[in-house]
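Below you'll find the structure, written out as structure tokens, and then a few comments.
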There are 2 protein chains.
Amino acid sequence: MKVVHSGEARRASRTGSRNTGIDAPTSPDGLPLDTILRGDCVAQLSRLPARSVDLVFADPPYNLQLQGELKRPDDSRVDAVDDAWDKFESFEAYDAFTRAWLLAVRRVLKPTGTLWVIGSYHNIFRVGAMLQDLDFWILNDIVWRKTNPMPNFRGRRFTNAHETMIWAAREPGAKGYTFNYEALKAANEDVQMRSDWLFPICSGHERLKDETGHKVHPTQKPEALLARVILSASKAGDVVLDPFLGSGTTAAVAKRLGRRFIGIERDATYADAAQARIDAVETLPDLALATAPTAREAPRIAFNALIERGLLMPGTLLTDAKARVRAMVRADGMLSLETAPGLGQIGSIHRAGAIAQGLDACNGWTYWHMDTREGLRPIDSLRARVRSEMAMAAE
Amino acid sequence: MKVVHSGEARRASRTGSRNTGIDAPTSPDGLPLDTILRGDCVAQLSRLPARSVDLVFADPPYNLQLQGELKRPDDSRVDAVDDAWDKFESFEAYDAFTRAWLLAVRRVLKPTGTLWVIGSYHNIFRVGAMLQDLDFWILNDIVWRKTNPMPNFRGRRFTNAHETMIWAAREPGAKGYTFNYEALKAANEDVQMRSDWLFPICSGHERLKDETGHKVHPTQKPEALLARVILSASKAGDVVLDPFLGSGTTAAVAKRLGRRFIGIERDATYADAAQARIDAVETLPDLALATAPTAREAPRIAFNALIERGLLMPGTLLTDAKARVRAMVRADGMLSLETAPGLGQIGSIHRAGAIAQGLDACNGWTYWHMDTREGLRPIDSLRARVRSEMAMAAE
DNA sequence: GAATAGACTGAATCAGGCG
DNA sequence: ACGCCTGATTCAGTCTATT
């Protein structure tokens with residue numbers, strides 16, 4: 001297992017050598033793709049080119065404050081998170097840490113990139129407030145509901161059965177971030193994906209164990225959780241970065257889903273385990289990864305194109321679905337309303353539809369219909385024909 | 001309808017007169033019990049005796065800061081929360097407001113008292129961080145999952161389907177707070193009550209309307225939510241205070257459940273409506289007070305769950321029962337048709353099944369089959385497996 | 001009166017390309 | 001940067017009007 005140290009990683013990238021056993025060419029802007037960078041995440045992030053990463057997933061230390069050992073009712077000790085990396089002197093220290101890595105992440109994010117952070121009530125409120133203070137723009141908070149959480153042993157609180165993720169854009173007003181709405185909806189019984197997700201915790205075969213059978217990492221996240229995050233907010237080929245890679249779940253899932261990854265981890269044991277894990281992952285075939293051409297991304301067709309291609313003749317009468325409103329197709333691609341309200345007014349299919357309904361806006365492609373042998377059909381069916389003809393021609 | 005103004009309330013309490021139609025004696029320490037105090041909550045809280053309240057439920061302004069108008073796909077306007085009381089100049093102003101009311105609440109809380117605050121991602125992170133800064137001690141964060149949230153109309157985010165509550169003790173190491181563990185567990189099919197709760201939003205008869213049929217308050221909370229809070233963290237006869245009473249849900253439920261209430265509200269319209277509502281509430285007989293609402297849900301399984309749980313691998317070929325039609329499972333949970341009609345088209349299991357058959361609709365669960373050692377089996381059998389696993393997890 | 005269709009509603013930080 | 005135009009987008013439920 002070859003693991004690249006930070007300085008070496010940069011050199012290796014520049015020369016285009018293989019870092020992880022798969023082909024890992026350096027991107028034009030010098031990103032060390034498909035690599036684990038070892039060291040402090042702020043230091044490593046500051047060496048990466050600015051505006052180069054599409055998606056960041058961060059699972060920072062939780063700042064847990066257990067007041068001593070936690071015991072089960074049978075007096076056995078719970079193997080809680082008490083590692084040194086999870087200790088902070090104070091909230092101030094934790095905030096300073098959070099501020100530093102968030103700023104470093106903001107620098108490497110593309111303007112269209114987004115950030116996910118996962119946490120529990122111990123730290124997520126501080127992270128969320130800092131995100132807002134630093135002018136990130138929260139898009140959603142997502143609740144990971146655990147099917148099998150650890151019970152509350154003392155019976156003094158509710159079973160802590162969830163963790164919270166914050167999904168944020170780089171800044172207010174950020175446009176063009178990736179959100180695969182249609183795919184998520186199609187995969188969810190054709191209703192919108194909600195902000196509450198249900199997954200089991202990571203256990204069984206998926207949970208990394210060392211030679212002695214102990215878990216390698218105390219907070220290994222389930223791959224299913226990362227898969228939904230990555231499929232939601234990135235495209236195949238995008239660069240996914242995890243500044244607290246830990247056991248490598250983000251990188252392993254990113255690789256499997258055909259994304260490029262950059263992981264940062266300062267603990268050698270974790271980095272070694274993550275590298276071995278990533279090396280064993282195979283990327284799914286392209287066909288299984290292809291993104292559906294969404295309606296939003298489909299090529300734009302001008303109404304004019306229907307006329308130019310002879311699918312619609314000037315002078316044709318269009319109507320609404322109930323054939324109450326009428327409008328005539330003009331040679332210049334505008335419609336002329338022939339019924340009130342708006343009688344005699346001229347506008348695009350969208351404007352004319354809006355005027356006819358007394359609305360501010362209207363999708364003329366679905367509003368206007370034409371008479372065919374099979375009855376009234378929306379002109380959108382003609383647009384679909386043009387689109388498929390164009391696709392054929394492009395082959 | 002008699003409504004007591006702040007000064008009058010104090011006098012009335014001292015003389016033991018009735019304020020709300022039920023017997024409202026002044027407590028030995030001079031608390032104006034079962035009363036709505038009108039005015040700013042910080043000012044009103046500062047007049048109450050210290051260390052006198054058992055439970056505080058607070059629904060502060062969320063600081064939504066909406067950007068513009070939002071319309072539904074049918075072009076109707078969403079009646080958003082744009083009230084003046086929800087507007088703050090900046091995060092700093094919101095933090096100062098939060099700090100002031102939290103400190104005022106801390107003073108009136110008994111050492112054994114606890115505080116609940118509800119919010120959304122717009123404000124809850126700031127509230128949570130401030131709670132920690134002020135040395136409250138977070139016991140749980142609770143997620144209210146809405147059965148019927150407003151959808152995301154633009155398809156640019158996940159449906160915002162939950163709100164978050166923080167449950168906190170007065171200070172670290174606080175002992176003796178009320179948590180009715182056994183009652184909650186008994187009411188929850190004998191499993192511990194979890195941190196994710198499922199309730200519908202407040203609508204129908206429960207939603208207060210004015211004479212013109214408009215909602216009295218834009219953010220009225222459901223009584224079921226408050227009932228679980230109050231039953232969880234207070235005993236009969238305890239004093240429950242709400243510094244942002246609004247439409248009075250906290251007080252109405254507290255009265256029904258045999259608790260004493262103090263509400264603070266600065267808007268006269270809200271206070272009037274709350275008073276009338278509270279007056280109409282009858283306290284339940286003692287015997288009925290022991291029961292809590294139960295939570296049981298029939299799990300709805302998305303096709304995605306099969307992939308996420310590793311029961312179905314991306315790239316797998318599915319067929320119809322006669323193995324004539326073929327489709328490939330994609331990583332994002334959609335199917336890609338590999339046979340005509342619809343060759344190359346992509347959709348959910350239901351859409352793809354419909355396209356393949358030339359129908360408007362199709363139940364993909366029973367239409368699509370997978371090859372197993374026992375021959376073709378409908379994917380519905382996998383769904384059954386996920387359901388039973390989830391049922392096991394819930395036991 | 002019963003059944004059905006259609007209107008209405010809910011704490012929402014809800015677009016993107018081109019000129 | 002700003003403005004204009006195209007054109008994509010909703011779930012669970014209650015209430016009202018109509019058949």
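So you know, we letter chains A, B, ... as the sequences are listed, proteins then strands, and number each from 1.
Side-chain proximity of B:T147 to the nucleotides D:dG13, C:dC14, D:dT9 is greatest for D:dG13. Taking the side chain of B:T219 as heavy atoms from C-beta on, and the options C:dA11, D:dG13, D:dT9, the nearest nucleotide is C:dA11. Minimum atom distance to the side chain of B:Y62 is reached by C:dA11, of the listed C:dA11, C:dC14, D:dA8. For B:L64, counting side-chain heavy atoms from C-beta on, the closest listed nucleotide (C:dA11, C:dG10, C:dA12) is C:dA11. Between C:dA12, C:dC14, C:dA11, one nucleotide has an atom nearer to the side chain of B:N152 than all others, and that is C:dC14. The side chain of A:Q192 has D:dT10 as its nearest neighbour among C:dA11, D:dT10, D:dG7. Distances from the side chain of B:R207 to the nucleotides D:dG7, C:dA11, C:dC14 place C:dA11 closest. Closest to the B:R157 side chain, of the nucleotides D:dT6, C:dC14, D:dT9, is C:dC14. Side chain of A:R387, nearest nucleotide from D:dC15, D:dA8, C:dG10: D:dA8. For A:N363, the listed nucleotide lying nearest its side chain is D:dT9; candidates were C:dA12, D:dT9, C:dG10.
The phosphate of D:dT10 has OP1 or OP2 within less than 4.0 Å of a side-chain N or O from A:K185. Between A:R383 and D:dA8 there is a side-chain polar atom (N or O) within less than 4.0 angstrom of OP1 or OP2. Note on A:S348: a side-chain N or O is less than 4.0 Å away from OP1 or OP2 of D:dT6. Contact annotation: B:K215 reaches the phosphate of C:dG10 (side-chain N/O to OP1 or OP2, under 4.0 Å).
Among the heavy atoms of the strands, none lies under 4.0 Å from A:I349. Among the atoms of the strands shown, none is found under 4.0 Å from any heavy atom of B:E206. B:P149 comes within 4.0 angstrom of a nucleotide base, judged by non-hydrogen atoms across all strands. Within 4.0 Å of B:P222, counting heavy atoms only, lies no atom of the nucleic acid at all. Contact annotation for B:I118: no contact, since no heavy-atom pair falls under 4.0 Å across all strands.
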Strictly under 3.5 Å: I want the nitrogen or oxygen pairs between protein and nucleotides 15-17 of chain C, one per line.
| unit_1 | atom_1 | unit_2 | atom_2 | d |
| --- | --- | --- | --- | --- |
| C:dA15 | OP2 | B:R154 | NE | 3.2 |
| C:dG16 | OP1 | B:R156 | NE | 3.4 |
| C:dG16 | OP1 | B:R156 | NH2 | 2.8 |

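Near DNA chain D, meaning a heavy atom under 4.0 Å away, there are no residues from residues 241-254 of chain B.
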Report, one line per pair, each donor and acceptor closer than 3.5 Å where one atom sits in a side chain of residues 357-365 of chain A; sequence neighbours left out.
| unit_1 | atom_1 | unit_2 | atom_2 | d |
| --- | --- | --- | --- | --- |
| A:Q357 | NE2 | A:G353 | O | 3.2 |
| A:D360 | OD2 | B:K71 | NZ | 2.7 |
| A:N363 | OD1 | A:W365 | N | 3.0 |

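For the side chain to side chain contact (heavy atoms under 4.5 Å, CB included) with A:L115, the qualifying choice from A:L102, A:V53, A:I138 is A:L102, the only one to do so.
In this view, B:E308 and A:R228 satisfy the salt bridge (charged side-chain N to carboxylate O under 4.0 Å, His left out) rule, not counting sequence neighbours. For the ring pair (Phe, Tyr, Trp, His ring centres under 6.0 Å) test, no residue two or more places apart in sequence or in another chain qualifies with A:W368.
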Let's test your reading of the pairing rules: Watson-Crick or G-U wobble, both distances under 3.5 Å, then write DNA chain C as a dot-bracket string with ( ), [ ], | and dots. .|||||||||....|||||
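Checked by atom type, the side-chain pair B:D196/B:H162 shows no donor-acceptor distance below 3.5 Å. Side-chain N/O atoms of B:N123 and B:Y94 include a donor and acceptor closer than 3.5 Å. Side-chain contact annotation: A:T114 with A:W167, donor-acceptor N/O pair under 3.5 Å present. For the 3.5 Å distance criterion, the side chains of A:D190 and B:S348 qualify, holding a donor opposite an acceptor. No side-chain donor-acceptor contact under 3.5 Å links A:H369 and A:T319.
In this structure, CZ of B:R77 is placed 15 Å from P of C:dC14, rounded to the nearest angstrom.
Taking the six-membered ring for Trp and thresholds of 30 and 60 degrees, A:F179 and B:F158 have ring planes more than 60 degrees apart, a perpendicular arrangement.
For C:dG1 and D:dA17, the C1' atoms lie 15 Å apart once the distance is rounded to whole Å.
Aromatic ring centroids of B:Y62 and B:H122 lie 6.0 Å or more apart.
B:E163 has no carboxylate O lying under 4.0 Å from a charged side-chain N of B:R145, or vice versa, which leaves the two without a salt bridge.
Remark: the B:K221 side chain and the C:dA11 base include a donor-acceptor N/O pair separated by less than 3.5 Å.
In terms of position along DNA chain C, the nucleotide closest to B:C202 lies nearer the 5' end than the nucleotide closest to the other residue of the pair A:F136 and B:C202.
For A:N180 (side chain) and A:S234 (main-chain N/O), a donor-acceptor pair under 3.5 Å exists by modelled atom type.
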